[in-house]
Amino acid sequence: MEKFNKIYARAVERKGNEANLSNLLTMPLDNNYIRSISNSRFLAEFSRKIFQSGFVWNVVNNKWSGFEEVFFNFNIEKILMMPDKMWDLKSKDQRIIRNGKKIMTIKANAQMIYEIDTEHGSIGKFIAEWPSTDIIGLWSFLKKKDLDWVATLAHTHFDN
């Protein structure tokens, strides 16, 4: 496994200097703040990250208000009640990026968040209460849920 300092040095070189790299980094979120994030906002961000993968981010960002409209502001309960025919219609809606596989991840992730909410109170509470010394365990849990990509969100919480 490559050492962090080697990765960091490469990033500094690519960004020109440490100050430029530092400006791009995010600070870990406070646990109380994480707990306060609604399940719908987690679903929205998970979905945004999925759509940004393989697309120009500006395209995703420019269409994001359409996603919010089409998917009821990512209201988990409404999304889980949608019949298959409605999913087919939404996958053809021109307000969003029409990628059927990625669209169906919204449904799968809404179900995952609903299950975590039922068991733990909310996904924000679940992530905030996960031991910060066990990021690999969180990634493993999420991988079991077929959510490798969500590790990116958790990473902003735990990495200093």
Side-chain angles (χ1 to χ4, degrees), residues 7 11 23-160:
I7 295 169
N23 289 334
L24 296 172
L25 300 176
T26 58
M27 295 301 297
L29 300 174
D30 172 82
N31 283 342
N32 288 328
Y33 181 78
I34 291 171
R35 278 185 198 88
S36 75
I37 300 170
S38 70
N39 289 340
S40 65
R41 292 300 86 206
F42 270 97
L43 180 58
E45 281 306 307
F46 292 172
S47 301
R48 185 189 295 259
K49 296 303 179 219
I50 288 170
F51 278 90
Q52 286 176 334
S53 175
F55 283 97
V56 175
W57 288 19
N58 282 339
V59 172
V60 176
N61 292 338
N62 290 338
K63 289 205 167 244
W64 202 252
S65 63
F67 278 91
E68 293 283 348
E69 290 173 37
V70 169
F71 294 105
F72 315 109
N73 293 314
F74 292 92
N75 179 299
I76 305 260
E77 292 78 15
K78 288 182 179 181
I79 287 172
L80 291 177
M81 291 191 307
M82 286 175 24
D84 290 342
K85 186 173 183 171
M86 187 179 279
W87 283 99
D88 289 338
L89 291 172
K90 289 187 181 294
S91 70
K92 297 172 184 148
D93 194 307
Q94 293 187 7
R95 293 174 289 175
I96 65 171
I97 296 168
R98 297 176 305 277
N99 180 309
K101 287 183 181 181
K102 289 187 180 205
I103 288 169
M104 292 313 292
T105 66
I106 296 170
K107 181 179 182 179
N109 292 321
Q111 184 64 47
M112 182 272 308
I113 291 171
Y114 176 80
E115 291 170 7
I116 289 174
D117 179 76
T118 300
E119 189 173 338
H120 300 280
S122 73
I123 191 161
K125 182 176 183 280
F126 175 75
I127 290 174
E129 292 178 359
W130 193 276
S132 63
T133 57
D134 186 24
I135 186 66
I136 302 300
L138 178 59
W139 289 343
S140 179
F141 173 83
L142 296 172
K143 184 174 183 174
K144 287 176 188 168
K145 296 277 190 183
D146 290 325
L147 296 172
D148 289 335
W149 49 267
V150 95
T152 302
L153 179 69
H155 145 95
T156 63
H157 167 59
F158 292 111
D159 290 356
N160 292 331

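Computed from a predicted structure; not experimentally measured. Note that these values count all heavy atoms, side chains included, but never hydrogens, waters or copies made by symmetry.
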Between [X] (side chain only) and [Y] (backbone N and O only), is there a donor and an acceptor less than 3.5 Å apart?
X	Y	result
S91	D88	yes
S140	I136	no
D117	I113	no
K92	R98	no

Task: Neighbour count above 12 (heavy atom, 6.0 Å) for Y33 OH - done: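 It does not: Y33 OH has 12 such atoms or fewer within range.
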
Hey, are the side chains of [X] and [Y] touching, using non-hydrogen atoms and a 4.5 Å cut-off?
X	Y	answer
K63	I96	no
I76	L80	yes
I103	F51	yes
W130	I34	no
F71	D93	no
I37	E45	no

Open item on the list: Tell me every residue that passes side-chain hydrogen bond (donor to acceptor under 3.5 Å, both in side chains) with K107, counting only those two or more places apart in sequence or in another chain.
Closed with: D84

Open item on the list: The criterion is side-chain hydrogen bond (donor to acceptor under 3.5 Å, both in side chains); which residues satisfy it with E77, sequence neighbours excluded?
Closed with: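 E77 satisfies side-chain hydrogen bond (donor to acceptor under 3.5 Å, both in side chains) with no residue once adjacent residues are dropped.
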
- [ ] For I97 and F67, run side chain to side chain contact (heavy atoms under 4.5 Å, CB included): C-alpha distance rounded to whole Å, both residues' side-chain angles, the deciding distance at 0.1 Å, then the answer.
- [x] CA-CA 8 Å; I97 296 168; F67 278 91; 4.0 Å; yes

Task: Full working for side chain to side chain contact (heavy atoms under 4.5 Å, CB included) between F46 and T105 - done: CA-CA 9 Å; F46 292 172; T105 66; over 6 Å; no

Task: Residues K102, S53; criterion side chain to side chain contact (heavy atoms under 4.5 Å, CB included); working and verdict - done: CA-CA 10 Å; K102 289 187 180 205; S53 175; 4.1 Å; yes

Task: Nearest heavy-atom neighbours spanning Q52 and W57 - done: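 What the structure gives for the nearest pair is O-NE1, 3.2 Å.
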
TODO: Measure from the ring center of F74 to the ring center of W64 and say whether it is less than 6.0 Å.
DONE: yes

Got a list of side-chain donor-acceptor pairs under 3.5 Å for residues 118-127, not counting sequence neighbours?
residue: T118; atom: OG1; partner: Y114; partner atom: O; Å: 2.9
residue: S122; atom: OG; partner: G124; partner atom: N; Å: 3.4
residue: S122; atom: OG; partner: K125; partner atom: N; Å: 2.9
residue: K125; atom: NZ; partner: H120; partner atom: O; Å: 3.3
residue: K125; atom: NZ; partner: E129; partner atom: OE1; Å: 3.4

Task: Interatomic spacing from OG in S65 to CG in N73 - rounded to 0.5 Å - done: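 That separation rounds to 10.5 Å.
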
Task: Stepwise side chain to side chain contact (heavy atoms under 4.5 Å, CB included) test for L43 and I79 - done: CA-CA 11 Å; L43 180 58; I79 287 172; 3.7 Å; yes

